[in-house]
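First up is the structure itself, then whatever we jot down about it.
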Amino acid sequence: MEKAVLLEREGRVAILTINRPDKLNALNEDVRNLTLGYLEEIEHDDEVGAVVITGAGDKSFIAGADIGEFEGRQPFDQREAMRFPRVFDVMANFPKPVIAMINGFCLGGGCELSMSCDIRIASDRARLGQPEINLGLIPGGGGTQRLPRLVGMGQAMKMILTGDMIGAEEALRIGLVDEVVPHDELRARTLELAAKIASKSPLTVRVAKEAMRASERLSIDDGIVYERDLFCLCFSTEDKKEGVAAFLGKRKAEWKGR
Ligand code: COA
């Protein structure tokens, strides 16, 4: 039987594909565990500079948590299923950038997983939503926290309280996705972006992501101080010396990741 998550590499980009197309790539325990395992592997692989996550098939990114797992479940069973570390938080804090390649339905836990990514590129066929309200549930993968931060309170309220799906262009308009591309160009465009990021100094990319993620939890004043300290820390790296020397020497920098 094929694995529920596939890992492939293209150059310095790792591509994770949720592989349950007959269930529109719904997130079940197997998918969550395999994804966590692959992320651990990717974290320690110096040959990987960026990660792309997508769904198998032509129809769906991830259509949410596997609703079949909810039936008959008791609260403590559910709590066990939602034990830490959770894939949503691991991805948000992952030391390498993660790009969601949204190739179709992006619902519930799928929308939440995409919001844990650093950048979202959507096919013009994508449909996004938080339909949990229709199941007598609320988002449980960070949606009530990350969605208002991304799109503002009113738009988040509209999506979570109605459960309605929105199209890719509307998602772009409200800031839920960062780019919309024709469906047939989605993979090429996403990999182009990921490869570009993966060609930079992995150490500097990591620090830049860390600084931006810190803005989600720090006050503006604390964040500015944190950024100043990380900026100064970059003066200790070989890559800062190389980057400055390359600019002044009018040549291309060769990053060491140190
Ligand atoms: N969990 C489990 N199975 C799911 C699923 C989910 N979140 N989403 C889709 N599937 C399954 C369907 O049950 C169906 O399986 P079957 O062929 O064995 O019956 C298969 O995937 C195809 O889905 P189907 O509903 O037939 O496709 P559609 O094109 O008619 O509708 C959706 C697509 C996305 C609108 C619809 O599948 C849907 O509403 N899914 C649930 C979305 C949701 O509520 N997510 C949040 C969960 S918390």
Quick one, [X] and [Y] - any side-chain contact, counting heavy atoms below 4.5 Å?
{"X": "Phe88", "Y": "Met115", "result": "no"}
{"X": "Val5", "Y": "Arg20", "result": "no"}
{"X": "Ile53", "Y": "Ile18", "result": "yes"}
{"X": "Ile15", "Y": "Glu8", "result": "yes"}
{"X": "Pro131", "Y": "Met165", "result": "no"}
{"X": "Phe94", "Y": "Leu39", "result": "yes"}
{"X": "Met159", "Y": "Asp164", "result": "no"}
{"X": "Thr162", "Y": "Met157", "result": "no"}

Is a side-chain N or O of [X] found less than 3.5 angstrom from the main chain of [Y], in a donor-acceptor match?
{"X": "Asn19", "Y": "Lys3", "result": "yes"}
{"X": "Arg120", "Y": "Cys117", "result": "yes"}
{"X": "Asp229", "Y": "Tyr226", "result": "no"}

Give me the atom names and distance for the closest heavy-atom approach of [X] to [Y].
{"X": "Gly140", "Y": "Met82", "answer": "O-CE, 3.3 Å"}
{"X": "Arg146", "Y": "Ala92", "answer": "NH2-CB, 3.7 Å"}
{"X": "Gly143", "Y": "Ile160", "answer": "O-CD1, 3.8 Å"}
{"X": "Val48", "Y": "Ala14", "answer": "CG1-CB, 3.7 Å"}
{"X": "Leu176", "Y": "Cys111", "answer": "CD2-SG, 4.2 Å"}
{"X": "Asp239", "Y": "Ser201", "answer": "OD2-OG, 2.6 Å"}

Exercise for the section: Start with the C-alpha distance between Ser199 and Arg12, add both sets of side-chain angles, then the distance that settles side-chain hydrogen bond (donor to acceptor under 3.5 Å, both in side chains), and finish with yes or no. Expected result: CA-CA 8 Å; Ser199 75; Arg12 289 183 46 74; over 6 Å; no
Handout entry: Whichever hydrophobic residues join Val225 through chains of side-chain contacts under 4.5 Å
Key = none
Practice task
Apply the test side-chain hydrogen bond (donor to acceptor under 3.5 Å, both in side chains) to residues Ser123 and Asn103: give CA-CA distance (whole Å), side-chain angles for both, the deciding distance (0.1 Å), then the verdict.
Solution key: CA-CA 5 Å; Ser123 146; Asn103 54 316; over 6 Å; no
Exercise for the section: Could you give me the CA-CA distance, side-chain angles and deciding distance for Ile119 and Ile197, then say whether side chain to side chain contact (heavy atoms under 4.5 Å, CB included) is met? Expected result: CA-CA 11 Å; Ile119 301 170; Ile197 294 170; 3.9 Å; yes
